[in-house]
Amino acid sequence: MSHGFQKMSNYSAPIQEMLFVMEEIADFNNIKMLLNQDELSIDFVKVILEEAGNLASEVLAPLNYPGDTQGCVLENGIVHTPAGFKNAYKQFIDNGWNSVPFSKKYGGQDLPWVTAISISEVWNSANMAFGLCPLLTQGAVALLEAHGSCDLKEKYLQKLVSGEWTGTMNLTEPQAGSDLSLIKARATPDGDYYRIFGQKLYISYGDHDFTDNIIHMVLARLPDAPEGIKGVSLFVVPKFLDKSIGKTGVQNDVRCASLEHKLGIKASPTALMLFGEDNGAIGYLVGKEHSGINYMFTMMNNARLMVGLQGVAIAERAYQQARDYAFSRVQGRSQEH
């Protein structure tokens, strides 16, 4: 039985198929021209994909089954991910994988998104539970690049781009579901920042042990907010506060209350997050008041595209496993009989 499961962990990135799609369907040469990246070649992209495939097949795929079996655990307020995941994430960021499509201004590599999408498929095919973490971080980066103030960009983008810190998307609440017009999380002005109070549900990688800080993107209402979706504002709420608030490393008034019990991807912690149980979680307004849903759509749409990609990734993984099983399964009567 264990031998069979080990075999099922095998994964090989479909690099030739990816390169075909880039060249023949996405028109890679035209993309280079539009981005003024004439020096970028398909051969260079091939090398990148091969290296991504090595990490996926040698590190991430072997963690897929044991990670789902072990799952994440919340103990004494601390979320522990399955054995091997934290080290895999360190390898991931040490080799620069988180920064592929982002601006060099913030430490990124400025490679085309068509390259980053192919690489993301590799992570999600090999280990979707792992791939969910950088998926949300890249959405947070896109949001802050598009809508964050200069101060917010300076504080957070470099470490989010590198993956030293991760990002989350905090939308849903227990009473609201997918109807964000019903959210009740509130934000009270307090000088240069706001104090956030409320609960957020189904937060992917809402807490974990990969990084020293987690940067939450949180929807909440101000005291004078109109009812409905037009009364929602967006805030950046770090798990740990910076020097402008107090001693570095002081935890914000944010905590994980519980982890969801799921049918699959159990190595990905999906959290119920509590903001402001004491004096309020300190957060920073993104853009204008009452315009949060407009800004959050940048992150939401990025995530939607990536969820679609996950479907492609899982289909590829399922195909590879079905193909390998078909080739290895012995049928018919033995020649000895």
Taking atom types as modelled, find out whether T168 and N170 have a side-chain donor-acceptor pair closer than 3.5 angstrom. yes
Can you pull out every ring-ring contact (aromatic ring centres under 6.0 Å, His included) where at least one residue sits in residues 33-64? Sequence neighbours excluded, please. none
Determine all donor-acceptor pairs shorter than 3.5 Å in which one atom belongs to a side chain in residues 25-38; sequence neighbours excluded.
| from | atom 1 | to | atom 2 | distance (Å) |
| --- | --- | --- | --- | --- |
| D27 | OD1 | N30 | N | 3.3 |
| K32 | NZ | L40 | O | 2.9 |
| Q37 | NE2 | D110 | O | 2.5 |

Does NZ or CZ of K159 lie under 6.0 Å from the centre of the six-membered ring of Y106, at an angle within 45° of the ring axis? no
Going by the ring-ring contact (aromatic ring centres under 6.0 Å, His included) test, which pairs reach into residues 157-177, not counting sequence neighbours? none
Considering only residues two or more places apart or on different chains, which pairs with a residue in residues 39-63 satisfy salt bridge (charged side-chain N to carboxylate O under 4.0 Å, His left out)? none
I'd like to check the salt bridge (charged side-chain N to carboxylate O under 4.0 Å, His left out) partners of K266; sequence neighbours left out, ordered by chain and number. none
F235 ring center within less than 6.0 Å of Y194 ring center: yes
Among all residues two or more places apart in sequence or in another chain, which pass the salt bridge (charged side-chain N to carboxylate O under 4.0 Å, His left out) test with K239? D207
E277: which residues meet the salt bridge (charged side-chain N to carboxylate O under 4.0 Å, His left out) condition with it, sequence neighbours left out? R255
Taking salt bridge (charged side-chain N to carboxylate O under 4.0 Å, His left out) as the cut-off, I'd like each qualifying pair that reaches into residues 74-103, sequence neighbours left out, listed once. K90-D94
Establish, from distance only, whether the side-chain atoms of S233 and E289 form a donor-acceptor pair under 3.5 Å. no
Could you pull out all donor-acceptor pairs under 3.5 Å where a side-chain atom in residues 120-141 meets a protein atom, sequence neighbours excluded?
| from | atom 1 | to | atom 2 | distance (Å) |
| --- | --- | --- | --- | --- |
| S120 | OG | A116 | O | 3.0 |
| N124 | OD1 | Q310 | NE2 | 3.2 |
| N124 | ND2 | S120 | O | 2.9 |
| S125 | OG | E121 | O | 3.3 |
| S125 | OG | A313 | O | 2.7 |
| N127 | OD1 | A129 | N | 3.4 |
| N127 | OD1 | F130 | N | 3.2 |
| N127 | ND2 | L60 | O | 3.1 |
| T137 | OG1 | C133 | O | 3.2 |
| T137 | OG1 | G167 | N | 3.1 |
| Q138 | NE2 | N302 | OD1 | 3.1 |

Please list, chain by chain and in numerical order, all residues satisfying salt bridge (charged side-chain N to carboxylate O under 4.0 Å, His left out) with R221, sequence neighbours excluded. none
What do you reckon, are the aromatic ring centroids of F275 and H216 less than 6.0 Å apart? yes
Can you list everything that forms a side chain to side chain contact (heavy atoms under 4.5 Å, CB included) with L263? Sequence neighbours excluded, please. none
Please name all residues satisfying side chain to side chain contact (heavy atoms under 4.5 Å, CB included) with E173, sequence neighbours left out, ordered by chain then number. Q175, A176, I183, K184, A185, K200
Could you check whether any side-chain heavy atom of P66 comes within less than 4.5 Å of a side-chain heavy atom of P82, counting everything from C-beta outward? no
